[in-house]
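Worksheet: one structure, shown below.
Convention: sequence-line order gives letters A, B, ...; per-chain numbering from 1. Here the structure is a predicted model, which means the values were calculated and not measured.
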There are 2 protein chains.
Amino acid sequence: MDPHLLRTFVAVARLASFSEAARELGYTQSAVSQHIAALEQDLGAPLLTRRPVTPTAAGERLLEHAAPLLLRLDAARADVTRIAAAPAYGLTLAASPTALGARVLAALPPAGVTLRVVARADVPAAVATGTAEIGLVDGLAAPSDPLRLPDVAPLTTHGVSEEPVGVLFPDGHPLAGRDAVRLADLADARWIDAPDTALPLPHLRAANGGHGFRPALRYEGVDVRMLTALVAAGHGLALLPCSAGEGAAGVRVVPLGAPRVVHRVECVYAGVPAGAAGELVGALG
Amino acid sequence: MDPHLLRTFVAVARLASFSEAARELGYTQSAVSQHIAALEQDLGAPLLTRRPVTPTAAGERLLEHAAPLLLRLDAARADVTRIAAAPAYGLTLAASPTALGARVLAALPPAGVTLRVVARADVPAAVATGTAEIGLVDGLAAPSDPLRLPDVAPLTTHGVSEEPVGVLFPDGHPLAGRDAVRLADLADARWIDAPDTALPLPHLRAANGGHGFRPALRYEGVDVRMLTALVAAGHGLALLPCSAGEGAAGVRVVPLGAPRVVHRVECVYAGVPAGAAGELVGALG
DNA sequence: TCTTCTTACGCTCGGCGTAAGTATC
DNA sequence: GATACTTACGCCGAGCGTAAGAAGA
């Protein structure tokens with residue numbers, strides 16, 4: 001189970017071609033073939049069907065393992081080299097789209113910051129592999145409960161802020177005038193699943209015993225104004241941190257009452273941040 | 001970052017000796033030396049001090065990564081081979097000590113079961129590496145919230161039961177007569193930390209903002225009667241699922257009121273369990 | 001001086017590329 | 001027959017063991 005073989009395997013599976021993978025990895029097609037053969041012999045099971053090139057059941061399982069495995073490997077290398085490496089000028093901050101509140105923006109140093117917005121699930125990976133010094137992730141959680149982040153590496157996390165979440169209604173919706181709504185009443189409403197912009201629906205579905213909260217529309221963009229426009233147009237409801245939805249035209253934000261969930265932002269970093277990173281972490285703390 | 005090198009590194013670090021590690025791994029001392037040298041050159045930083053053999057700062061970081069990495073590697077191999085392997089006779093169940101309630105015991109098939117009690121954190125690993133077909137873990141969680149398990153591999157989890165938790169008081173304790181207690185009132189009480197028998201204190205400390213719940217005594221055994229005896233002798237309080245503490249002499253179990261936490265048991269397995277394992281999962285579901 | 005890690009050196013085996021073989025479309 | 005994976009084979013380098021060297025207790 002050499003990582004090289006694993007890397008080759010995922011490339012072949014992704015590209016559905018030995019020769020394409022060879023091109024991408026800088027090997028000959030023959031070498032790729034031998035890699036796969038070695039893996040299959042090692043594990044004692046065929047991993048790919050040839051012609052067409054498709055993972056077998058065993059290959060599917062291996063694929064599920066391979067990505068986090070290779071990620072951890074990169075994370076380990078980054079973590080070790082980080083200690084020896086000279087601290088670069090500048091500071092890169094990886095953040096999920098709705099994690100950047102006013103508080104964070106105010107705490108940023110005046111110059112030398114790169115802000116990299118990535119999908120929620122990729123923030124820990126970015127920090128672990130050293131792509132960013134600091135990460136900011138947001139998500140839904142019970143009050144003062146930590147977020148459930150994928151553990152790609154031993155990272156330190158750190159609550160930055162919590163604020164109530166609200167449901168985004170179009171103006172004129174029968175519930176739009178309420179002071180608060182209960183989530184249970186909305187399980188069967190039309191919802192917009194906007195995993196990169198709003199708060200993720202699967203979390204609500206899980207909290208509701210796996211039922212309800214089926215998306216009527218999926219929005220894969222990252223623009224909050226687009227999302228509010230979709231809600232205003234009646235395509236469905238969305239869940240947002242209250243502050244993110246205020247002031248938009250054609251929509252109303254109604255705070256969520258019943259299940260006590262909050263929008264929580266966490267700061268994540270590896271080891272002991274130094275220099276500008278350390279100051280920012282301190283300012284956020 | 002060959003896994004072999006990593007394995008050698010952890011062995012050397014654990015044994016604090018190149019030659020001991022060589023013996024254990026079936027290499028010559030020279031090969032071990034070369035392994036470490038290769039790792040250090042690859043990562044560009046010294047990982048161990050020699051004489052005495054101790055991990056450097058970089059080595060410490062690598063050690064933190066190495067164990068989960070090697071575990072995941074084993075898990076991947078087990079997961080893939082599991083598909084091809086012939087289903088063995090018998091069924092091995094890995095369980096944490098307080099996960100085995102009456103419901104589970106009743107659901108066990110009449111013969112061919114091996115029950116392996118391991119530490120809470122090792123249950124997912126046992127299932128992932130194929131040491132056990134099914135795992136049963138328990139822990140504290142908010143009602144209907146899943147447990148926070150280390151993700152060694154893509155495993156399926158599955159709530160089995162939830163029951164209230166209670167604080168174990170010695171008879172005559174001023175609070176022992178109450179109908180319910182609030183955890184916040186007990187932050188500064190004397191506690192017994194019995195991570196393998198009772199419910200883990202760190203969870204409570206985290207819920208309390210990192211304060212309080214400092215253990216007065218640590219019990220590393222696995223015997224519930226021993227724990228109740230320690231409580232009865234006034235060494236401290238302990239947190240248990242209510243049913244586990246009932247009927248013991250010299251102690252009273254008072255249900256926990258305020259923070260809504262329950263004792264939750266989850267069933268964990270890999271892939272789609274077949275045969276006896278499938279039946280048991282069904283019976284627990 | 002003894003123990004323990006490092007370095008030197010030779011051997012073997014693993015792994016890659018070239019090229020020929022084979023199977024599927 | 002063209003395309004795409006497999007197998008054969010030779011070469012180079014990686015990695016192990018033996019053995020000598022160096023450094024600390």
Side-chain angles (χ1 to χ4, degrees), chain A residues 1-60 62-63 66 69-70 73 76-77 80 84, chain B residues 1-60 62-63 66 69-70 73 76-77 80 84:
Chain A
M1 293 254 294
D2 189 317
H4 293 266
L5 305 188
L6 235 43
R7 212 175 289 271
T8 307
F9 174 65
V10 304
V12 171
R14 176 166 44 83
L15 299 168
S17 159
F18 283 53
S19 10
E20 285 292 311
R23 228 180 317 273
E24 178 171 304
L25 298 171
Y27 286 122
T28 58
Q29 172 199 35
S30 159
V32 170
S33 185
Q34 294 176 52
H35 277 190
I36 303 299
L39 255 185
E40 292 184 325
Q41 185 149 20
D42 179 21
L43 296 174
L47 299 171
L48 294 167
T49 65
R50 325 296 150 101
R51 209 178 308 264
V53 175
T54 307
T56 63
E60 294 279 9
L62 185 57
L63 273 178
L69 213 38
L70 294 173
L73 220 45
R77 154 163 281 117
V80 172
Chain B
M1 293 256 293
D2 190 317
H4 293 267
L5 305 189
L6 236 43
R7 212 175 288 271
T8 306
F9 174 64
V10 303
V12 171
R14 176 166 45 83
L15 299 169
S17 158
F18 283 53
S19 11
E20 283 294 309
R23 226 179 319 270
E24 177 171 305
L25 298 171
Y27 286 121
T28 58
Q29 171 198 35
S30 158
V32 170
S33 184
Q34 293 175 53
H35 278 190
I36 302 300
L39 255 185
E40 292 184 325
Q41 185 149 20
D42 179 22
L43 297 174
L47 298 171
L48 294 167
T49 64
R50 324 295 149 101
R51 211 180 306 263
V53 175
T54 307
T56 62
E60 294 278 9
L62 185 58
L63 273 179
L69 212 40
L70 294 173
L73 221 45
R77 153 164 282 117
V80 171

Determine, stepwise, if the pair B:I36 / B:R50 fulfils side chain to side chain contact (heavy atoms under 4.5 Å, CB included). CA-CA 11 Å; B:I36 302 300; B:R50 324 295 149 101; 3.9 Å; yes
Test item: [X] side-chain N/O and [Y] main-chain N/O as donor-acceptor pair under 3.5 Å:
X     : Y     : result
A:T8  : A:H35 : no
A:Q29 : A:A22 : no
B:E20 : B:A11 : no

Rounded to the nearest angstrom, tell me the gap between atom [atom1] in [X] and atom [atom2] in [N].
X     : N     : atom1 : atom2 : value
A:Q41 : D:dT7 : CD    : C1'   : 14 Å
B:E40 : C:dC5 : CD    : C1'   : 12 Å
A:E20 : D:dT3 : CD    : P     : 14 Å
A:R23 : D:dA4 : CZ    : C1'   : 11 Å

Sorted by chain and residue number, the side chain to side chain donor-acceptor pair (under 3.5 Å) partners of B:S30 (sequence neighbours excluded) come out as B:Q34
With a 4.5 Å heavy-atom cut-off, do A:D2 and A:D42 have their side chains touching? no
Just so I know, are the side chains of A:V53 and A:L15 near enough to count as touching, which here means a heavy-atom distance under 4.5 Å? no
Axis-to-axis angle between the two ends of the helix from C:dT1-D:dA25 to C:dC25-D:dG1 (five base pairs per end, rounded to 10 degrees): 30°
Which heavy atom of A:P3 sits nearest a heavy atom of A:L70, and at what distance? O-CD2, 4.0 Å
Contact pattern, 5' to 3', of nucleotides 13-25 of chain C - B, S or - by protein heavy atom under 4.0 Å: ---BBBB---BB-
